[in-house]
Asks: 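Provided herewith is a single structure, encoded as structure tokens, for subsequent inquiry.
Just follow the structure's listing: the first ligand is 1, and inside any ligand the first atom is 1. For this chain, numbers begin at 1 and follow the sequence in order.
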Amino acid sequence: MSAPPAFDAGFRDKLGELFAWRRDVRRFRREPVPEGLLTKLLELMQLSPSVGHSQPWRWLRVDNPEQRLAMQASFSHCNANALAEYEGERAALYARLKLEGLREAPIQFAVFCDHATAQGHGLGRRTMPEMLDYSVVAAITQFWLAARAHGLGLGWVSILDPAEIAAILSVPVEWKLIGYLCLGYPEEEHELPELVRAGWENDPRRNGRR
Ligand SMILES: Cc1cc2nc3c(=O)[nH]c(=O)nc-3n(C[C@H](O)[C@H](O)[C@H](O)COP(=O)(O)O)c2cc1C
């Protein structure tokens, strides 16, 4: 067994910077992501916690151009429906937001939770079955931070119809869509979220909310 690593103050400072500069990214440069780096990030993601060690995440890489077009079509009509829920200035502001990088992102993953998995033997899921989904969220978060540490940006797209995405990708009925992820090198780096910079929401760091 190897000795556990010691994490020093310099590492902790850098880790804090990683959290502060993570960002949800919707504007990507087109340059490709090395395959070896993708493999490494997926290996790091596998180290995520999961209820009962169930590891219920299922990552499907979406490269097929027709499937990618279908994702864009799903986003377009879901986003039009979302826009219709707002009125006045809020609607005008919503219409100006860029809420996905589906056309630009070189790498895209649909991430599902496998509700049929036997792994974990049901531990921790009897009274709170949603823990399976939360385990996938944790894995995505770990992947997100690891990607950022390697200079990549990730954008989580949820303005999609899960039934449409499941049909486009022909996944088993027991697989629940948790997130559709766009990945690539970001066009810009920012310390503030894009939605804050666009005036959609305040930054809690500025008004003291926790
Ligand atoms: C579960 C989840 C779903 C999200 N879905 C979307 C989305 O559909 N479109 C989008 O632009 N951002 C989406 N985001 C990103 C949030 O808008 C973003 O995290 C938030 O504005 C804070 O910005 P930051 O991630 O740069 O700190 C999502 C984030 C999470 C955690």
Asks: Say whether Asp24, considering both its backbone and side-chain N or O atoms, lies within less than 3.5 Å of an N or O atom on ligand 1.
Replies: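 N/O-N/O distance under 3.5 Å: yes.
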Asks: The criterion is ring-ring contact (aromatic ring centres under 6.0 Å, His included); which residues satisfy it with Phe75, sequence neighbours excluded?
Replies: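 Phe75 satisfies ring-ring contact (aromatic ring centres under 6.0 Å, His included) with no residue once adjacent residues are dropped.
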Asks: As an exercise, state the distance from CG of Asp133 to NZ of Lys176, rounded to the nearest 0.5 Å.
Replies: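 Taking CG in Asp133 and NZ in Lys176, the distance rounds to 3.5 Å.
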Asks: Any cation-pi pair here, Arg148 with Trp21, using under 6.0 Å and within 45°?
Replies: no
Asks: Quick check on contacts: which atoms of ligand 1 are under 4.0 angstrom from a heavy atom of Val157?
Replies: 7 (C), 8 (O)
Asks: Considering only the protein, which heavy-atom contact is closest to atom 8 (O) of ligand 1, and what is its distance?
Replies: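 Scanning the protein heavy atoms, the shortest distance from atom 8 (O) of ligand 1 goes to Ser158 N, 2.7 Å.
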Asks: How close does the nearest protein non-hydrogen atom get to atom 16 (C) of ligand 1, and which residue and atom is it?
Replies: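 Here the nearest protein heavy atom works out to Arg26 NH2, 4.1 Å.
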Asks: What residue and atom, counting heavy atoms only, is the protein's closest point to atom 27 (O) of ligand 1, and at what distance?
Replies: Arg23 NH2, 2.7 Å
Asks: Which of the listed options, Trp144, Trp156, Trp200, Tyr180, holds the heavy atom that is closest to atom 2 (C) of ligand 1?
Replies: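 The residue whose heavy atom sits nearest atom 2 (C) of ligand 1 is Trp156.
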Asks: Look only at interatomic distance and state if Glu194 has a nitrogen or oxygen under 3.5 Å from any nitrogen or oxygen of ligand 1.
Replies: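 No, since none of the N or O atoms of Glu194 sits under 3.5 Å from an N or O of ligand 1.
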Asks: To the nearest 0.5 Å, how far apart are CG in Leu83 and CG in Leu99?
Replies: 10.0 Å
Asks: Measure from atom 20 (C) of ligand 1 to the protein's non-hydrogen atoms and state whether any distance is below 4.0 Å.
Replies: no
Asks: Is the closest side-chain donor-acceptor distance between Glu164 and Ser74 under 3.5 Å?
Replies: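 Yes.
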Asks: Apply the test side-chain contact (heavy atoms from CB on, under 4.5 Å) to residues Leu102 and Arg68: give CA-CA distance (whole Å), side-chain angles for both, the deciding distance (0.1 Å), then the verdict.
Replies: CA-CA 7 Å; Leu102 292 168; Arg68 285 194 175 193; over 6 Å; no
Asks: For ligand 1, does Arg22 get within less than 4.0 Å through its side chain, its backbone, both, or neither, judged by non-hydrogen atoms?
Replies: side chain
Asks: Output all residues satisfying ring-ring contact (aromatic ring centres under 6.0 Å, His included) with Phe112, sequence neighbours left out; order by chain, then residue number.
Replies: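 ring-ring contact (aromatic ring centres under 6.0 Å, His included) list for Phe112, sorted by chain: Trp175.
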Asks: On the 0 to 90° scale, with breaks at 30° and 60°, tag the Tyr86-Trp200 ring pair as parallel, tilted or perpendicular.
Replies: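 Ring orientation, 0 to 90° scale: perpendicular.
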Asks: Which residue supplies the protein heavy atom nearest to atom 9 (N) of ligand 1, what is that atom called, and how far is it?
Replies: Leu99 O, 3.0 Å
Asks: Could you tell me which atoms of ligand 1, counted from 1 in the order shown, lie closer than 4.0 angstrom to a heavy atom of Ile159?
Replies: 8 (O)
Asks: Going by heavy-atom distance to atom 22 (C) of ligand 1, choose the closest among Cys78, Pro193, Cys182, Ala82.
Replies: Pro193
